Amino acid sequence: MPATGDDTCYDRQAELKAFDETKAGVKGLADAGIRELPRIFIHQPEPLPVSSTPFPIPIVDLGSPDRASTVEKIREASETLGFFQVVNHGIPVSVMDGVVEGVRRFHDQDVEVRKRFYTRDPSKPLVYHSNYDLYSSPAASWRDSFYSFMAPTPPPPEELPEVCRDLQIEYSNEVMKLGRVLFGLLSEALKLNTNHLEDMDLDKGLAFFGHCYPACPQPELTMGGPKHTDYGFLTVLLQDEIGGLQINYNNEWVDVPPTPGALVINIGDLLQVPVSSPGHHTFANGRHAMIYVSHDERGTGAIISNDKLKSVEHRVLANKKGPRVSVACFFSTSIAPLTRRFLVIPLDGLFSRLLGSGNGIKFWKEVWCDSKPLLDCFPRLAALDANQDCTIADRVKQTENGLIFTWNWRRTPRDGREIQMIKRIEERCERIPIGQGEEKWHWELDKDGVFSVASLRLAMDDMSLPRGGPRISENKSVPIKVKITSWRAARDSLPTKINLIRRGVALGDDLCPLCKYQPESVKHLFVECDRTKAARGAINNWWRVLATNANELNGILLGDDDEGSDNNKKLRLAKNAIFHAYIWAIWKGRNEVVFNGTSFNPLLIANLVQSETYFWVKNRCAFGKNLSWLEWRCNPESL
Ligand SMILES: O=C(O)CCC(=O)C(=O)O
Ligand SMILES: [Fe+2]
């Protein structure tokens, strides 16, 4: 049995750090000729099977004169697979081959040269590292990458690595042109004017990623790239001849074999954006609402594809052959301060699902009592069920005397592990309020719980216009998603355990997931909990901004109500940003404990607050433009 993350004897964080500090990436391990994978790379077995029959990923000929049929093919592929390939796309083969070679050369450089680019600081013109989520993912992947934001504002060429700079620029320019063509076709596929998506500026921001998947000694134990969906609008992927990319189609992994001359195109989360029908269960995939706001930032919302186009899960297998090289270009708005006409609102936690009898939800296959489907958490047990497609109502019912389970196993479960797993599932079910009748989605920002774009806009206005109750901060240095979190904390509407219980959600206990000592209210979590006090202490070791002994949430920011004592506006803004970052980082850290079982580390919170606020001040405030990381760390008062 391979070692996994829940083996407490091993200091995973220390191993991750040691690996990261080599700055040599996975390539360094492969070059050293290691035979056995370090345990940080070992993944849990994947529950979904690999498809036994090859499934062709459609190839769309962009040179075809029959536009209607091209649009139709793209529509069909984008609505089902979320993936297609394009040929005759206008990018010369020489440019494609050139950029793959350039990326290969980058990763082949001497380790000392590579090290100079190795960083986790996203403000650098070129970021090179192994596993962007090294410290947060359950297992590291056998991949190194570098990336740059090539549009709307590319870095000065001299900041890009010499071995691939020209190719990176040339290829990105070509992808930008292709992007306009693709967004035109996608607009038509959505029955909109050809220019619709381009006019919304979806084609304006581009990130270039150069991935390298070195030869792996034990590919069956790890992944080249873990399963994920792409965050942005649209991805243009160029892979070399080795292969390994797979997509999840009907709960099977299907290969996307390399096709010479073709590019792989896939829909990202931001183009899917399902919000208008939150009752629809695919909502669990959609993490954001994209509101298109007209020029005065007060127009009506328009949702882009409203769940028509699919952002589909994919992964990359590790391989004994290698290194495999790929170039992924993402059109996205999260890049740079692209345009102020978009507001991307994170919807995590703004919807909560109120379960009915569970008649329409698959017990094993859909997300309902955990952050993943039970099939992913308990694949062995799911395989033992005589009907893996059963609904929640088939397996569990709420009665006056509590929950009644109706299991239907192929054979009697064995004592020991299997019985234990059944107990664990039953415990999870106990935490979820199973009711009667239909499922409902409760929209947190509306008192009736009903979602509409209008209610979202109203809530946004409510946050920004002068009315009673807490208002959303006007501090422009702070991103909206962060301000929403602190606004919700101030109006006591974050789903802490106490608030969930108040809303009738039956939880096992009401204890704070961090200290496990006091009930988790907003006030406890952000103000009273010793763990978050420690985080404020750690932040104060750098810059004394937050009170550790406050009695109320709005007493945390030191000096906030004594404006006269601090007449430096810049400092006031920066300190206020730290307050928002603190709330946001605590909530994020708390959710990681609850949903991913990670531990809460006050020092990491302090680091996150320090680095996030640095980027906000630097990128979002005119006065922060020339701020250096060193100044921010050593002498923030010098702002
Ligand atoms: O390397 C590949 O084939 C896929 C990369 C990918 O999925 C990504 O960068 O998001
Ligand atoms: Fe991807």
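Starting from 1, each residue takes its place in the sequence as its number. These figures come from a predicted structure and were not determined experimentally. Just so you know, ligand 1 is whichever comes first in the structure, and atom 1 is the first atom listed for that ligand.
- Annotation for ligand 1: atoms under 4.0 Å from non-hydrogen atoms of Val316 are 1 (O), 2 (C), 3 (O), 4 (C).
- Under 4.0 angstrom from ligand 1, the non-hydrogen atoms of Leu237 all belong to its side chain.
- Within the 4.5 Å cutoff, no side-chain heavy atoms of Phe83 are placed close to those of Lys310.
- Inter-residue side-chain proximity for Leu62 and Leu178 is flagged as met; some heavy-atom pair is nearer than 4.5 Å.
- Of all the heavy atoms of Asp230, the ones lying under 4.0 Å from any atom of ligand 1 belong exclusively to the side chain.
- Looking at atom 3 (O) of ligand 1, its nearest protein heavy atom turns out to be Arg324 NH2, 2.8 Å.
- Of all protein N/O/S atoms, those under 2.8 Å from the Fe ion (ligand 2) are His228 NE2, Asp230 OD1, His314 NE2, and waters are not counted.
- Using a 4.0 Å cut-off between a side-chain N of Lys or Arg and a carboxylate O of Asp or Glu, Glu72 and Arg75 qualify as a salt bridge.
- Not a single N or O atom of Arg143, backbone or side chain, sits closer than 3.5 Å to an N or O atom of ligand 1.
- Among residue pairs with one or both ends in residues 132-142, none qualify as salt bridge (charged side-chain N to carboxylate O under 4.0 Å, His left out); sequence neighbours excluded.
- Under 4.0 angstrom from ligand 1, the non-hydrogen atoms of His211 all belong to its side chain.
- Between Lys588 and Glu592 there is a salt bridge, with a side-chain nitrogen of the basic residue lying less than 4.0 Å from a carboxylate oxygen of the acidic one.
- For ligand 1, the atoms closer than 4.0 angstrom to any heavy atom of Ala328 are 9 (O).
- Listed by number with element, the atoms of ligand 1 under 4.0 angstrom from any heavy atom of Ser326 are 1 (O), 2 (C).
- By the 4.5 Å heavy-atom criterion applied to side chains, Leu317 and Arg324 are not counted as neighbours.
- Heavy-atom contacts of Phe330 reach the following atoms of ligand 1: 8 (C), 9 (O), 10 (O) (cutoff under 4.0 Å).
- Taking the side chain as every heavy atom from C-beta outward, Ser51 and Tyr249 never approach each other to under 4.5 Å.
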Q. Does the pair Asp240 and Arg104 meet the rule for a salt bridge (charged side-chain N to carboxylate O under 4.0 Å, His left out), with working shown?
A. CA-CA 10 Å; Asp240 73 6; Arg104 197 183 300 282; 3.3 Å; yes
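- Residue contacts with ligand 1: His314 is included, with a non-hydrogen atom under 4.0 Å away.
- A salt bridge is absent between Glu76 and Lys73; no separation between the charged side-chain nitrogens and carboxylate oxygens falls under 4.0 Å.
- A ring-ring contact (aromatic ring centres under 6.0 Å, His included) with Tyr118 is found for one member of Tyr128, Phe106, Phe146 and no other, namely Tyr128.
- Going from atom CD of Glu36 over to atom CD1 of Ile42 covers 8.0 Å, rounded to the nearest 0.5 Å.
- If you look at Tyr213 next to ligand 1, the close heavy atoms, those under 4.0 Å, all belong to the side chain.
- Of the N and O atoms on the side chains of Tyr135 and Asp20, at least one donor lies less than 3.5 Å from an acceptor on the other residue.
- Counting atoms of ligand 1 from 1 in the listed order, those under 4.0 Å from a heavy atom of His228 are 6 (C), 7 (O), 8 (C), 10 (O).
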